[in-house]
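These notes are about the structure you will find just below.
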Amino acid sequence: MHPNARGMFALLRASVLLRGSIADMVSDSDISALLMNKMDTGKRRSRGLQGHMPSFASCDLADSSCALDSLQSPTLIYTGGETRCINGDDYAFVVIPGDHAKLLYYFQGGGACWEGGEADEKHAHWHCTDSMDACKGTMGYGNGVLDSQSDNNPFKDYTVVMPLYCSGDVFMGNTSLSGSPQRGYANNLAILSWAKTNFPSELSHFVVAGWSAGALGARIWAETLLGSFSYKKAAVLADSHIGFLPGKTVQKVMKRWGVCDTPLMPAEMRSRCQEEDVTIHETYQAAMAKFPSVPFVGIQSKYDRTQMWFAEMFGQTLGGDPHFVLTEGEYIEEVNRIVESHQKYANHKSFMINSDKHCYLGEEAFWYASPAGAWSHEVKPLLYTWVSNLVSSEPGSSGSECIEVQGDSLTKCPHFRT
């Protein structure tokens, strides 16, 4: 394969998967063919990718404090030290300046890279954005919650800190994959250190959010982040990753990524984590219990095809069943089971959408989605108004939302707390 092919492949695969409903119709061979058709354009192809990326200022923590007060426009801040992308690129995060008392800590998504199990001969599986260019090309700047021009955007005047995602380990990694660094934990720890130095002693509003793999980042970092700042109002928004993988593959990949040895893993769970007996749901629920006044929100399409694809891939490569597949009905049952397990916490809320779409917060669908569908804006509440109520200073009533259509098993709702 061309020396630049792996990174290009990851970007193309991520771009397809982020569109959700077509992910299951495009094979890796299709993407490889598309990639090979582009490789002979060389530098021209590189410039084409750059054309889809925002033009940001940059700052390097090796040379400057990169103080928030000094930032006049969206800025890439390079962190140095042990931080890295999985392909070896220098790591950076994005800051979009706004009101310093309002912080949106917004984890980027972009797939996963992992080592398979014994039956898979421990092959490395590269299905993640793995470079700075790939991160910039998929960050969604100017869309949804990053649309600073829309008066409907509840985050219009927030300062946004966006951990870019190029480690393939949902921001928890402390390991390597086939000799390539997976430093998701160190990457976000450097960002958190900068943020704690630069934001005021008390925030008026603090929202931890993430989409796709970034939703898992928000889940695993929620307790640490909520405990690192003072605030009057906070919320956690996990968009389009419920954290379902089949069998014990969640437990296995968490250990392989090295999270058991980091402070992200509660001390009382670390020995069980080493024994592959802790799930991301347990750590998330520990955060819910510790911060009962903070709403923890899941935004989820009922038959999200991108999540289904990754669940199948993990089942086939790490679960030991090379033929593992999921039906939509089986996937919905697993999603509902997880949502119901969170219902013992009064601060957990769900917005469930009759759709196969993957991701909402950073897309046009943020303005149109309702429980009836990704584009069913005639039904209320709309997702953006529901989120606005949750994060506003005087929130309205935003309970869990779900709509069942009689006779349609694909719209089945979980049992919500009454």
Side-chain angles (χ1 to χ4, degrees), residues 1-18 20 23-36 84-89 108-131 134-135 138 165-185 212-217 220 241 243-259 276 279-280 304-326 331 358:
M1 183 175 278
H2 189 285
N4 292 325
R6 195 184 79 190
M8 296 281 287
F9 181 92
L11 177 55
L12 287 167
R13 164 54 76 185
S15 296
V16 169
L17 291 177
L18 291 179
D24 59 327
M25 298 188 292
V26 182
S27 68
D28 286 353
S29 60
D30 294 330
I31 293 179
S32 295
L34 175 60
L35 175 63
M36 291 302 110
R84 286 288 183 279
C85 292
I86 196 171
N87 76 336
D89 280 357
Q108 185 184 34
C113 290
W114 69 94
E115 180 184 82
E118 296 290 343
D120 187 55
E121 299 181 347
K122 294 190 174 182
H123 286 143
H125 296 274
W126 305 93
H127 299 290
C128 61
T129 50
D130 68 348
S131 67
C135 288
T138 58
Y165 180 53
C166 57
S167 55
D169 54 17
V170 304
F171 295 96
M172 68 172 76
N174 184 35
T175 187
S176 61
L177 177 64
S178 296
S180 297
Q182 289 195 287
R183 304 273 177 82
Y185 172 72
S212 192
L216 298 178
I220 196 71
H241 211 306
F244 166 68
L245 296 177
K248 295 194 71 173
T249 53
V250 170
Q251 296 92 319
K252 290 178 180 179
V253 78
M254 287 177 73
K255 180 181 178 181
R256 280 165 170 73
W257 278 335
V259 70
E276 299 180 349
T279 70
I280 198 168
D304 182 327
R305 296 192 189 281
T306 298
Q307 290 187 60
M308 288 178 63
W309 186 87
F310 272 102
E312 290 177 343
M313 287 297 296
F314 272 92
Q316 292 167 17
T317 63
L318 194 53
D321 181 357
H323 305 294
F324 178 79
V325 293
L326 272 174
Y331 176 73
H358 188 58

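One is the number of the first residue; the rest follow in order along the sequence. Just so we're clear, the structure is a prediction, and the values are computed from it rather than from any experiment.
Checking side-chain atoms of Lys252 against main-chain N and O of Gly319 turns up no donor-acceptor pair under 3.5 Å. Looking only at distances, no side-chain donor or acceptor of Gln316 sits under 3.5 Å from a matching main-chain atom of Asp321. The backbone N or O of Ser167 lies less than 3.5 Å from a partner atom in the side chain of Gln182, making a donor-acceptor pair. At least one donor-acceptor pair under 3.5 Å links the side chain of Ser131 to the backbone N or O of Ala134.
Between Glu312 and Arg305 no salt bridge is recorded (no basic side-chain N to carboxylate O distance below 4.0 Å).
A heavy-atom distance below 4.5 Å is not found between the side chains of Val170 and His241. Considering only heavy atoms from C-beta on, Tyr165 comes within 4.5 Å of Phe171 through its side chain. In this structure the side chain of Val259 never reaches within 4.5 angstrom of the side chain of Asn174, judged on heavy atoms.
For Gln251 against Glu276, the heavy-atom pair with the smallest separation is CB-O, 3.2 Å. Closest of all the heavy-atom pairs between Ala119 and Gly320 is CB-CA, 4.3 Å. Heavy-atom minimum distance, Cys135 versus Gln108: O-NE2, 2.8 Å. Of all heavy-atom pairs spanning Gly243 and Val250, the tightest one is O-CG2, 3.7 Å. The minimum heavy-atom distance between Arg183 and Asp169, with the atom names listed, is N-OD2, 3.6 Å. Of all heavy-atom pairs spanning Ser212 and His358, the tightest one is OG-NE2, 2.8 Å.
Atom OG1 of Thr249 sits about 6.0 Å away from atom CG of Leu318, to the nearest 0.5 Å. For the atom pair CZ (Arg84) and CG (Asp89), the distance works out to 9.5 Å, reported to the nearest 0.5 Å. Here CD1 of Ile86 is found 5.0 Å from CG of Leu177. Values are rounded to the nearest 0.5 Å. The structure places CD of Glu115 at 9.0 Å from CG of Asp120, a figure rounded to the nearest 0.5 Å. Note that the OG1 atom of Thr279 and the CE atom of Met254 stand 7.0 Å from one another [nearest 0.5 Å]. Tyr331 OH to Gln307 CD: the interatomic distance, rounded to the nearest 0.5 Å, is 3.0 Å.
Cys pair Cys85 and Cys166 passes the test of SG atoms under 2.5 Å apart.
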Would Met172 and Trp257 count as a side chain to side chain contact (heavy atoms under 4.5 Å, CB included) if you check the C-alpha gap in whole Å, the side-chain angles of each, and the deciding distance to 0.1 Å? CA-CA 7 Å; Met172 68 172 76; Trp257 278 335; 3.9 Å; yes

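Surrounding NZ of Lys248 are more than 12 heavy atoms belonging to other residues, nucleotides or ligands, all under 6.0 Å away.
Relative orientation of the Trp114 and His127 rings is tilted, given thresholds of 30° and 60° on the angle between their planes.
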